[in-house]
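These numbers were taken from a predicted model, which means no experiment stands behind them.
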Amino acid sequence: MSRSSSSRSRYRYRAQTEPLAAIVAVAMLVVGIGIYAVALHGVLPGTSDRATADQTIDRVWDDVQQDGVFHAHDGADDLDDLVTGESLPAGATVSVRVTAIDEGEEQSVADAAFPSGYPDETTAGDVSELERYVTDEGVPADASVATRSIPVAVVSEAEIRSGTLRVAVW
């Protein structure tokens with residue numbers, strides 16, 4: 001009996017730690033999780049500038065496509081008539097370009113630019129000025145840009161070519 005009681009007393013203090021060391025360990029764990037969350041914030045869906053362009057391109061595509069094809073042939077609606085103000089992010093300037101492959105080269109078939117506040121708070125002059133700026137200077141280097149492969153009807157509704165929808169948001 002004395003042997004079993006002495007073996008119990010020998011293991012009695014195992015796996016115990018000082019309270020201060022436990023508090024420091026828990027605090028370090030919380031700090032580590034906090035640093036990880038801050039570093040991860042930029043890559044979470046919907047938290048970066050890139051997400052703005054990605055969401056906008058989806059909404060713009062919904063506006064401009066008809067039966068899954070963008071129509072750029074004679075008689076088709078203009079790009080700036082197809083895009084609605086609800087598809088554009090509030091407070092942002094947006095440039096939309098559609099290109100199609102023609103004889104092995106990429107050719108622009110439609111361009112439109114939408115200033116911040118479009119359509120309610122802008123005039124046709126604002127739109128024209130922005131379109132000239134984008135044509136002359138291009139989109140700013142810090143713009144969020146998204147691209148998407150799309151089918152484009154160029155000459156007629158029956159002639160479909162590979163194309164690209166490009167949306168820049170700044």
Side-chain angles (χ1 to χ4, degrees), residues 31-170:
V31 167
I33 290 172
I35 291 171
Y36 178 73
V38 168
L40 187 64
H41 178 73
V43 296
L44 290 175
T47 60
S48 69
D49 289 338
R50 172 80 181 152
T52 303
D54 289 337
Q55 293 167 353
T56 304
I57 200 168
D58 290 338
R59 286 185 256 144
V60 166
W61 175 243
D62 289 341
D63 284 350
V64 302
Q65 63 89 20
Q66 296 170 348
D67 298 323
V69 176
F70 176 75
H71 295 275
H73 54 79
D74 290 337
D77 292 329
D78 289 334
L79 182 59
D80 52 353
D81 293 334
L82 295 171
V83 178
T84 62
E86 291 82 32
S87 299
L88 306 174
T93 301
V94 178
S95 172
V96 179
R97 171 173 281 177
V98 177
T99 58
I101 304 298
D102 187 23
E103 296 179 10
E105 293 185 23
E106 193 172 50
Q107 303 290 325
S108 179
V109 295
D111 290 298
F114 306 94
S116 176
Y118 179 85
D120 299 328
E121 301 168 11
T122 60
T123 64
D126 296 335
V127 173
S128 297
E129 183 180 334
L130 179 60
E131 287 177 343
R132 274 193 307 276
Y133 171 81
V134 170
T135 300
D136 295 343
E137 306 291 328
V139 298
D142 62 342
S144 173
V145 179
T147 59
R148 177 182 192 158
S149 295
I150 61 169
V152 179
V154 179
V155 177
S156 69
E157 290 185 18
E159 189 174 335
I160 307 293
R161 298 188 185 155
S162 178
T164 303
L165 173 63
R166 181 177 187 265
V167 173
V169 180
W170 69 96

If you measure from CZ on R59 to OG1 on T84, what distance do you get to the nearest 0.5 Å? 9.5 Å
Just how far is it from atom CZ of R148 to atom CG of D58, taken to the nearest 0.5 Å? 5.5 Å
Here the pair of heavy atoms bringing L82 nearest to D63 is O-CB, 3.4 Å
Across all chains, not counting sequence neighbours, the side-chain hydrogen bond (donor to acceptor under 3.5 Å, both in side chains) partners of S108 are D111
With sequence neighbours excluded, what pairs up with E157 under the side-chain contact (heavy atoms from CB on, under 4.5 Å) test? H71, H73
Apply side-chain contact (heavy atoms from CB on, under 4.5 Å) to S156 and list each qualifying residue two or more places apart in sequence or on a separate chain. A158, E159
Closest non-hydrogen atoms of I150 and W61, given as atom of the first, atom of the second and distance, are CG2-CZ3, 3.5 Å
Locate the shortest heavy-atom distance separating A53 from V167; write the atom from each residue and the value. CB-O, 4.3 Å
Which atoms form the tightest heavy-atom contact between S87 and T56, and what is the distance? O-CG2, 3.9 Å
Could you go through residues 100-107 and list every donor-acceptor pair under 3.5 Å that involves a side-chain atom there, pairing it with any protein atom two or more places apart or in another chain?
{"unit_1": "D102", "atom_1": "OD1", "unit_2": "R161", "atom_2": "NH1", "d": "2.9"}
{"unit_1": "E106", "atom_1": "OE2", "unit_2": "T99", "atom_2": "OG1", "d": "3.0"}

So which atom in T93 and which in S116 form the shortest heavy-atom distance, rounded to 0.1 Å? OG1-N, 3.6 Å
According to side-chain contact (heavy atoms from CB on, under 4.5 Å), who are the partners of V127, at least two apart in sequence or on a separate chain? P115, Y118, E131
R97 CZ to T147 OG1 distance, which is reported to the nearest 0.5 Å: 13.0 Å
Would you say R166 and V139 make side-chain contact, with heavy atoms under 4.5 Å? yes
Applying side-chain contact (heavy atoms from CB on, under 4.5 Å), run through F70 and L165 and close with a yes or a no. CA-CA 9 Å; F70 176 75; L165 173 63; over 6 Å; no
What residues form a side-chain hydrogen bond (donor to acceptor under 3.5 Å, both in side chains) with D81, not counting sequence neighbours? none
Heavy-atom nearest pair, W170 first then V94, reads CZ3-C, 4.4 Å
For the CG atom on D136, are there more than 12 heavy atoms of other groups (residues, nucleotides or ligands in this structure) within a distance under 6.0 Å? yes
